[in-house]
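Below is one structure, written out as structure tokens; comments come after it.
The chain is numbered in sequence order, starting from 1.
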Amino acid sequence: MAGSEFDVVIVGGRCAGATLSTVLAQHGVKVCVVDKAGFPSETLSTCVFQSNGVEVLRRIGVLEEILAAGASVIRGATVTSTHQKFTVDLDPDSYGTLLGMRRTTMDAILIGHAARAGAEVRTQCPVEDVIFEDGRARGVRTRAGEIRARVVIGADGRYSTVARSVGAREYCTRPGGRVPTWSFYEGVDPDQGLFFGAVGGTRGGSTAFLGLPLDGQFLATVAVPTAEAEGYLGDRYTQFDARLRLFPELAAAVEGATRVGPIRVLQKWHSYFRESAGSGWALVGDAGNFKDYSLGQGQSDAFRQAEYLAGRLVAGLAPGADLDSELADWWRWRDRDAWQLYWANCLLGEPYLPDAVADGLFGLAAADDAVALDFARIFNKSVTTLRAAATPARLARIAPRMVGSQLATPSGGLVRDTRATAEMATFTAKLLAQHPRSPWNRRHPPRAHDDRRVPGLS
């Protein structure tokens, strides 16, 4: 392998890396994608693919293979808060195609498709670091030798070797508010839809839930407030089943089914952005931006990011083009595209989302199918902001009920909800202050030599 020369080397061959390598190969770019894993193999994932990401799979020509392999088409969702519930029709004609599929199946299909498109695929090939010459990334060192390239792309997840090697700093970080645990089941009705909710507990926190059918299995997720995690994990199997009963519809979906494998746990995690472009390198997918799983957008964001980055790379690799300028454009676009729903995911992932707020908003959706569909479309970014769904007119309809709900709570309820709202406002202000282009950022000001490559939010 020593002496290998490519236009682009991509470290990481899952959703972002495989998709990026496919698009580049389809455009005649000489690309090599390497991954430390072999395929098929499991990875952390909600296993849900929003319709905006599914459309990318359609455009690159792999969707029919994915459907033929048994991906579940999800046609409805049940959404709950502590005292409210609504259901919404997610028929492809009104919402777009929403899929559930295990990553062991999906990732193997994607990397195989990349190879057939013309990308050179090297699996079980750990990367040790990035090669720099004259301040530019020029390739990577693997245990099998060097791979040289004009551009190095990190698509290697939260613990990105590329991000570490290039010194990419984090910004707009947020600790995880809940500890997610999840389990796979066999024997669940394959026509079950999507389940999503957050139900309050006795100590002011809330337990979050996600459930969906996959290719031959069903995924159920229970996420508990971080402060309650130690007691919960001490008897996780009993606690998982007990908490699941707080969402009766999801509990009923897996009743009588067989759990497959252990209950998985994610403990050490946080949400972040990373600096995602520099001299001859860029980060894509979780390597550059990781967020709370609440809205299940990680995979589809990876597909969409890969497609956009591919366009910038094709343009930047053309004779006479300014490659670094194209990479900087990629970074700016990623932040603009991700910011608002990064914020929404972080807020939904907080363990103290006030019941009165969630119940009020979900009550609107329960009473009006159009509102319910607007809320659902936040997931696939066809409604791009929470404000577009929670319009002033709609909020005005529920404000009296929200106030009445707070005043009617037992002693301490109003204080708790008011404190939670204040904490969320403070959290949002901190995120804004951490952004590299924020005028309030004093801790990590932009690097002078990278100023033109630091993204803005507008």
Side-chain angles (χ1 to χ4, degrees), residues 1-14 16-36 60 111 114-115 117-123 125-157 160-168 274-285 287-288 302 305-334 447 449-450 452-455:
M1 291 188 186
S4 298
E5 296 278 353
F6 295 89
D7 295 318
V8 181
V9 59
I10 302 170
V11 182
R14 296 189 183 270
T19 302
L20 177 59
S21 60
T22 295
V23 179
L24 291 175
Q26 290 172 339
H27 282 81
V29 176
K30 188 178 181 183
V31 57
C32 177
V33 55
V34 300
D35 200 294
K36 64 183 179 182
I60 68 174
I111 199 67
E120 180 162 330
V121 174
R122 302 180 185 179
T123 58
C125 181
V127 168
E128 296 176 336
D129 58 22
V130 175
I131 299 169
F132 277 90
E133 293 176 354
D134 299 323
R136 293 191 63 83
R138 299 291 187 181
V140 296
R141 293 185 182 87
T142 77
R143 293 178 186 175
E146 293 186 352
I147 303 174
R148 293 277 176 160
R150 294 174 62 187
V151 189
V152 175
I153 304 297
D156 47 344
S160 170
T161 297
V162 175
R164 174 185 53 77
S165 297
V166 302
R274 285 190 182 124
E275 298 172 322
S276 290
S279 297
W281 63 268
L283 303 178
V284 66
Q305 289 179 14
E307 187 177 47
Y308 187 90
L309 177 56
R312 304 279 58 78
L313 285 167
V314 170
L317 290 167
D322 185 342
L323 175 60
D324 286 355
S325 179
E326 295 293 343
L327 295 178
D329 179 82
W330 142 251
W331 184 10
R332 286 190 293 268
W333 175 88
R334 193 281 312 276
R447 300 172 182 173
H449 68 282
D450 277 347
R452 74 184 182 91
R453 293 194 289 273
V454 176

Work out which heavy atom in [X] is nearest to a heavy atom in [Y]; give both atom names and the distance.
{"X": "Leu283", "Y": "Glu275", "answer": "CD1-O, 3.4 Å"}
{"X": "Phe132", "Y": "Ser165", "answer": "CE1-O, 4.1 Å"}
{"X": "Val23", "Y": "Ala310", "answer": "CG1-CB, 3.5 Å"}
{"X": "Val130", "Y": "Ala137", "answer": "CG1-CB, 3.8 Å"}
{"X": "Ala16", "Y": "Ala155", "answer": "CB-CB, 4.2 Å"}
{"X": "Ala163", "Y": "Ala287", "answer": "CB-O, 4.5 Å"}

Listed partners of [X] passing side chain to side chain contact (heavy atoms under 4.5 Å, CB included), at least two apart:
{"X": "Ala315", "answer": "Arg312, Glu326"}
{"X": "Arg143", "answer": "Pro126, Glu128"}
{"X": "Asp7", "answer": "Val29, Lys30, Arg150, Leu317"}
{"X": "Ala115", "answer": "Val121"}

Restricting to side chain to side chain donor-acceptor pair (under 3.5 Å), what partner residues turn up for [X], sequence neighbours left out?
{"X": "Glu307", "result": "Arg59"}
{"X": "Arg164", "result": "none"}
{"X": "Asp156", "result": "Ser160"}

Does some side-chain heavy atom of [Y] sit less than 4.5 Å from a side-chain heavy atom of [X]?
{"X": "Lys36", "Y": "Thr161", "answer": "no"}
{"X": "Leu309", "Y": "Leu327", "answer": "yes"}
{"X": "Leu20", "Y": "Val8", "answer": "no"}
{"X": "Val31", "Y": "Ile10", "answer": "yes"}
{"X": "Val166", "Y": "Val152", "answer": "no"}
{"X": "Leu313", "Y": "Trp330", "answer": "no"}

Measure the spacing between CD1 of Ile153 and SG of Cys32 and express it to the nearest 0.5 Å.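 That separation rounds to 13.0 Å.
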
I need the Asp324 CG to Asp329 CG distance, nearest 0.5 Å.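 That separation rounds to 12.5 Å.
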
Listed partners of Tyr308 passing ring-ring contact (aromatic ring centres under 6.0 Å, His included), at least two apart: Trp333

Donor-acceptor pair, Gln26 side chain versus Ile60 backbone, under 3.5 Å? yes

Would the distance check show the side chain of Arg14 and the main-chain N or O of Gly157 forming a donor-acceptor pair, the cut-off being under 3.5 Å? no

Any ion pair linking Arg148 and Glu133 (charged N to carboxylate O, less than 4.0 Å)? yes

